Amino acid sequence: MPRLLTIAAAQSGPISRQTSRAEVVARLVEQMRAARARGCDLIVFTECALTAFFSHWWIEDEAELDAWFERALPSPATQPLFDEARRLGIGFCLGYAELTVEAGVKHRYNTSVLVDTDGSIIGKYRKIHLPGYADRHPHHPFQNLEKRYFEVGNLGFRAWRAFGGVVGMCICNDRRWVETYRVLALQGAEVVLLGYNTPDHIPDQPEIDHLCDFHHLLSMQAGAYQNGCWVVGVAKAGVEEGVSQIGQSAIIAPSGEIVARSSTLGDELVIYRCDLDLVKPYKERLFNFAKHRRIEHYQLIATQTGATPPR
Ligand code: CDT
């Protein structure tokens, strides 16, 4: 029996600064209903899906900053998502800004959770690769302050047995790093879920602006192929508070092929019936890690060269 999992990548259009959580959650619930009506078992929302992507502007006031974060999940505002998932029997992955207090110390993370069809939380991931900077860049048309507003995630990359397969999560910039997929795949990940907020302009490096879509897809396609897994990438797209972001939400097969892709910069469902057994030709043959990886040689080479670039 093939292991089929129908997944919706729930691309989000822009969310304004003023939009309430209740309005956003109502929008996500609509997408969830539409996905279920089209036979989806799992819907994947984007990075920081509940608000505008506030890392794009400078916030001094601590209370103002905290207001962008969730202190609990579910919360009164997000409970409708969990209730609707249970009612419909659909799982979901949700990115959000997490504020937690441990031993009296405040911590802020860029987080995602994987939620089962009964509304229970299967697992949590806190973003490890935070792009941008921690100081103000007044000459930039918008900021990239993730290094200021979030701590590096402390939960590692983890994969869970869920939805009939092995599922891992990462968030946005993580998708550009080979280690992300490899650490997940070493745990057997068959599906990698991720959301992203990716501007189509890089103020520090405008010379590569025209490659934004290409590098986004290249990273996910390479990650999928080299690790024999499905990758589901979900955008917050369009012009949000003056920042123009790419769309290109995509579902990528373990072959590295894009099998479904968004065609707008607004709310849009990208749906594909994923056969999880399509990971096998890659995981069992070409990229059978146990058989073909030569980790001891990589270390040997690194030792011989001192792992520094040749002069
Ligand atoms: N949210 C996030 O991680 N965004 C970054 C922007 C970097 S600009 C190349 C990303 O990697 O898409």
Side-chain angles (χ1 to χ4, degrees), residues 9-15 17 44-59 65 68-70 93-98 108-112 125-137 139-153 155 157 168-181 192-224 231-250 252 261-262 265:
Q11 179 171 288
S12 168
I15 297 174
R17 249 171 128 132
V44 185
F45 297 111
T46 191
E47 174 188 32
C48 293
L50 298 169
T51 64
F53 197 57
F54 56 91
S55 299
H56 287 156
W57 61 86
W58 180 260
I59 303 169
L65 176 63
W68 293 100
F69 287 75
E70 312 305 311
C93 172
L94 176 74
Y96 66 106
E98 178 192 12
R108 298 186 185 89
Y109 300 103
N110 187 339
T111 299
S112 59
Y125 168 69
R126 290 173 174 155
K127 184 175 181 178
I128 291 173
H129 299 101
L130 299 172
Y133 33 78
D135 53 336
R136 197 173 198 166
H137 285 215
H139 54 289
H140 283 182
F142 59 89
Q143 306 296 300
N144 188 356
L145 291 161
E146 287 197 55
K147 281 188 164 63
R148 178 178 185 85
Y149 298 149
F150 301 114
E151 285 177 50
V152 173
L155 301 176
F157 287 111
M169 291 183 281
C170 66
I171 299 176
C172 194
N173 193 263
D174 289 323
R175 76 193 187 288
R176 303 186 192 274
W177 298 87
V178 291
E179 295 88 346
T180 299
Y181 306 93
V192 175
L193 310 175
L194 68 100
Y196 56 93
N197 282 268
T198 299
D200 60 19
H201 168 53
I202 308 168
D204 275 332
Q205 292 177 285
E207 66 278 11
I208 56 170
D209 279 356
H210 65 292
L211 299 171
C212 280
D213 285 351
F214 170 66
H215 287 157
H216 153 68
L217 292 171
L218 174 71
S219 303
M220 298 197 300
Q221 290 182 258
V231 174
V232 180
V234 185
K236 160 85 78 60
V239 181
E240 181 182 87
E241 295 296 338
V243 183
S244 177
Q245 302 208 123
I246 67 165
Q248 305 286 333
S249 297
I252 295 150
R261 187 183 343 189
S262 63
L265 293 174

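Small disclaimer: the values here were computed from a predicted structure and weren't measured. In what follows, every heavy atom counts, from backbone to side chain, and hydrogens, waters and symmetry copies are set aside. Whatever order the structure lists them in is the order used to number ligands and atoms, beginning at 1.
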Task: Within the 4.0 Å heavy-atom sphere of ligand 1, strictly under, residues - done: E47, F53, K127, P131, E146, C172, N173, R175, R176, N197, T198, I202
Task: F54 and W68 aromatic ring geometry - parallel, tilted or perpendicular at 30°/60° bounds - done: parallel
TODO: Look at the rings of Y133 and H137 and say which category their plane angle falls in: under 30° parallel, 30 to 60° tilted, over 60° perpendicular.
DONE: parallel
TODO: Of all the heavy-atom pairs spanning A9 and G233, show the shortest one and how long it is.
DONE: CB-O, 4.2 Å
Task: Check ion pair E47-K236 (N to O, under 4.0 angstrom) - done: no
Open item on the list: I want to check a possible cation-pi pair here: R17 against W57, using under 6.0 Å from ring centre and within 45° of the ring axis as the test.
Closed with: yes
TODO: Specify the closest pair of heavy atoms between Q248 and S262, including all atoms of both residues, with the distance to one decimal.
DONE: N-OG, 3.3 Å
